[in-house]
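I am attaching a structure below and will ask some questions about it afterwards.
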Amino acid sequence: MINSTQPMPTCPAWCVSHNEVDQGTPDANLLHYGEERESAGMRVRLVRSDLLRTGITGEPRVMLNDEDVSVTAAGELAAVLTKAAASALGPDERDVVV
């Protein structure tokens, strides 16, 4: 149940669904989920947890399969994967589309 004295956190633009977790406890939060994407056997989706009692908005996180990583770490991983793929393709095929 959402505490009516605190404003409901607004959904981020990427949120396609959300649900309340730990209702009725001090740790009650609202989880926002982005669209799940799948590539090369990997599932990727944005998530964010907002603490309902205080109205504190959480930081977005990236779920990579079932692993929770920061947005910064996900960006670094994307850069490393792109560089590795470009190196593997050789000089004639280095235009890797991201």
Side-chain angles (χ1 to χ4, degrees):
M1 175 179 287
I2 294 174
N3 181 346
S4 61
T5 62
Q6 293 297 328
M8 173 82 155
T10 58
C11 287
W14 47 262
C15 181
V16 295
S17 68
H18 57 264
N19 66 306
E20 290 183 47
V21 178
D22 294 331
Q23 294 178 3
T25 73
D27 295 326
N29 60 77
L30 183 64
L31 290 175
H32 301 275
Y33 300 97
E35 178 183 351
E36 185 172 276
R37 295 180 170 94
E38 201 167 327
S39 180
M42 304 295 287
R43 294 180 328 276
V44 180
R45 115 179 319 182
L46 284 170
V47 296
R48 187 180 86 189
S49 177
D50 298 335
L51 192 57
L52 293 174
R53 179 175 47 86
T54 62
I56 293 174
T57 299
E59 291 293 321
R61 306 286 294 177
V62 176
M63 294 300 295
L64 182 59
N65 285 338
D66 295 325
E67 188 75 24
D68 177 2
V69 298
S70 71
V71 171
T72 301
E76 291 169 355
L77 177 60
V80 167
L81 288 170
T82 300
K83 189 179 246 184
S87 294
L89 291 172
D92 296 332
E93 302 178 55
R94 287 202 176 156
D95 293 330
V96 176
V97 178
V98 179

Return the minimal non-hydrogen interatomic distance between G58 and R48, and the atom names on each side.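 Shortest heavy-atom contact: O-CD, 3.0 Å.
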Report the residues that fulfil side-chain contact (heavy atoms from CB on, under 4.5 Å) with V16, sequence neighbours left out, ordered by chain and then residue number. E35
Which atom names give the shortest non-hydrogen contact between A73 and V69, and what distance separates them?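 Minimum heavy-atom separation between A73 and V69: CB-CB, 4.4 Å.
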Does any part of the side chain of V44, heavy atoms only, come nearer than 4.5 Å to the side chain of V62, both counted from C-beta?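 Side chain of V62 against side chain of V44, heavy atoms only: contact under 4.5 Å found.
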Identify the two heavy atoms, one from P26 and one from L51, that lie closest to each other, and give their separation to 0.1 Å.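 For P26 versus L51, the nearest heavy atoms are O-CD1, 4.0 Å.
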Once the angle between the rings of H32 and H18 is folded into 0 to 90°, is it parallel (under 30°), tilted (30 to 60°) or perpendicular (over 60°)?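 Judged by the thresholds at 30° and 60°, the geometry between H32 and H18 is tilted.
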Could you state the interatomic distance from SG (C11) to CG (L30), rounded to the nearest 0.5 Å? 6.5 Å
Identify each donor-acceptor pair in which a side-chain atom of residues 36-43 lies under 3.5 Å from a protein atom, sequence neighbours left out, and give them as a table.
residue	atom	partner	partner atom	Å
R43	NH2	D66	OD1	3.0

Mind checking whether L46 and L81 sit in one hydrophobic cluster, side chains of I, L, V, M, F, W, Y counted as touching below 4.5 Å?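 Linked, L46 and L81 end up in one cluster.
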If you link ILVMFWY side chains whenever their heavy atoms are less than 4.5 Å apart, which other residues fall into the same cluster as M63? By chain and number, please.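 Result for M63 is V21, L31, Y33, V47.
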From R45 atom CZ to N65 atom CG, the distance as rounded to the nearest 0.5 Å: 12.0 Å
How many angstroms lie between OG1 in T10 and CG in D50, if you round to the nearest 0.5 Å? 8.0 Å
With sequence neighbours excluded, what pairs up with R61 under the side-chain hydrogen bond (donor to acceptor under 3.5 Å, both in side chains) test?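 Checked R61 against side-chain hydrogen bond (donor to acceptor under 3.5 Å, both in side chains); matches are D68.
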Rounded distance (nearest 0.5 Å) linking atom CZ of R53 with atom OG1 of T25: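 Going from CZ on R53 over to OG1 on T25, the span is 9.0 Å.
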Just so I know, are the side chains of L52 and D27 near enough to count as touching, which here means a heavy-atom distance under 4.5 Å? no
